[in-house]
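Model, not experiment: these values are computed from the prediction. Chain A is the first sequence line, chain B the second, and so forth, proteins listed ahead of strands; every chain is numbered from 1.
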Amino acid sequence: MVAATVIWWIFRPAPAPPISLREEFARRQTQAERNQLYAGAPRWTGPGSGPVLLRNQAYAVGYSDERENPLWVGYRLDRITASQHGKRPSRFAVDRRTRALTSPDEYTRTGFDRGHLAPSFNIGSRFGPDAQLETFLMSNIVPQKPNLNRKLWKRLEELESEYANRFEQIWVFTGPVFDHRRQLLEGGVEIPDFLYKILVDEDGDRIRMLPFLLPQEVRGNEPLSQYLTTVDEIERQTGLDFFWALSDPNEDHLEAFRPTRLW
DNA sequence: CGGCGTAATAGT
DNA sequence: ACTATTACGCCG
């Protein structure tokens with residue numbers, strides 16, 4: 001037992017120092033958006049009409065009826081205070097607000113998990129059982145390979161929760177990435193090729209971001225830092241414009257920056 | 001290492 | 001809504 005503790009101590013992750021920046025407008029936008037969406041709801045820059053905005057208690061969604069997928073989800077996580085403990089809900093639900101009306105059955109025996117974008121536990125532990133239930137709407141779900149969803153993606157969700165606890169609060173944008181060869185489940189749900197997640201932390205005047213791009217095919221034990229990318233890259237691959245409410249110099253700087261290590 | 005919590009699946 | 005099963009990280 002002592003030996004295990006010593007080994008854990010030796011291999012525990014080291015914290016990294018941040019970049020420095022100032023931004024006032026973003027903070028106002030963030031408040032105005034009920035504090036879920038950092039520096040504005042992502043804007044659609046691709047062809048056609050783009051995703052439809054859906055609002056929930058603890059997160060917002062840009063949903064595409066064409067792909068039968070959410071294209072982005074945005075939320076804020078606070079530090080966990082009281083233990084708001086509810087059970088994990090037992091089933092997923094059709095979101096009647098969508099035209100696609102995707103059913104949970106469309107995923108059964110396909111080899112794909114029903115992967116949460118806004119995470120069940122991270123939302124439920126901060127905003128309560130009702131908010132947790134909303135994360136089981138199919139408008140929050142994308143097809144994910146089990147090795148990604150249950151291993152690598154899960155570790156990323158645990159990491160964001162740890163950051164929220166450590167830094168008071170963080171903001172998150174997350175969603176799927178599709179290439180040009182469309183592959184669908186039987187019911188018409190398109191299968192993503194990658195998933196992205198952007199973590200945002202504000203500390204006084206400083207803003208920092210951690211953008212990830214993860215492929216479906218992983219073993220699951222890879223270091224998360226190997227999937228760090230830039231917001232610019234995510235914008236190119238998704239046709240979304242994030243953080244447009246930031247003043248241009250800061251937006252340009254932050255979105256072009258590729259971190260090399262985790263916080 | 002063992003026990004627990006969380007990510008899930010399938011089947012009744 | 002419940003059971004059984006699997007895998008992994010955290011914790012002590």
Checklist entry - dT6(B) P sits how many Å from Ile80(A) CD1, rounded? => result 9 Å
Checklist entry - Between dA7(B) atom C1' and Lys87(A) atom NZ, what is the distance in whole Å? => result 18 Å
Checklist entry - Can you find a heavy atom in the side chain of Val231(A) that is under 4.5 Å from one in the side chain of Leu254(A)? => result no
Checklist entry - Going by heavy atoms in the side chains, are Leu228(A) and Thr260(A) under 4.5 Å from each other? => result no
Checklist entry - Heavy-atom contacts under 4.0 Å between residues 137-148 of chain A and DNA chain B, which residues? => result none
Item to check | Test item: side-chain donor near acceptor, Arg126(A) and Asn165(A), under 3.5 Å | outcome: yes
Checklist entry - Is it true that the side chains of Asp130(A) and Gln57(A) contain a donor and an acceptor less than 3.5 Å apart? => result no
Checklist entry - Does a side-chain N-to-carboxylate-O contact under 4.0 Å join Glu66(A) and Arg182(A)? => result yes
Next on the checklist: Taking Glu233(A) first and then Arg236(A), would you say they form a salt bridge - that is, a charged N and a carboxylate O separated by under 4.0 Å?
Outcome noted: yes
Polar atoms only, N or O, under 3.5 Å: list the protein pairs with nucleotides 1-5 of chain C and their distances.
none

Do any N or O atoms from the side chain of [X] and from the backbone of [Y] form a donor-acceptor pair under 3.5 angstrom?
X         : Y         : value
Tyr75(A)  : Pro119(A) : no
Glu222(A) : Tyr227(A) : no
Asn140(A) : Ala118(A) : yes

Using atom names, set out every protein N or O paired with an N or O of nucleotides 10-12 of chain B below 3.5 Å, distance rounded to 0.1 Å.
residue: dA10(B); atom: OP1; partner: Arg109(A); partner atom: N; Å: 3.1
residue: dG11(B); atom: OP2; partner: Arg109(A); partner atom: NH1; Å: 3.3

Any N/O pairs under 3.5 Å between the protein and nucleotides 8-10 of chain C? List them or say none.
residue: dC8(C); atom: OP1; partner: Lys151(A); partner atom: NZ; Å: 3.3
residue: dC8(C); atom: O2; partner: Lys154(A); partner atom: NZ; Å: 3.2

Next on the checklist: Taking the ring of Tyr196(A) and the ring of Phe242(A), is the distance between their centroids below 6.0 Å?
Outcome noted: yes
Checklist entry - What do you reckon, are the aromatic ring centroids of Phe173(A) and Phe243(A) less than 6.0 Å apart? => result yes
Checklist entry - Using a side-chain heavy atom cutoff under 4.5 Å and only I, L, V, M, F, W and Y, what cluster partners does Val94(A) have? => result Leu101(A)
Item to check | For Arg150(A), side-chain contact (heavy atoms from CB on, under 4.5 Å) partners two or more places apart | outcome: Asp113(A), Pro146(A)
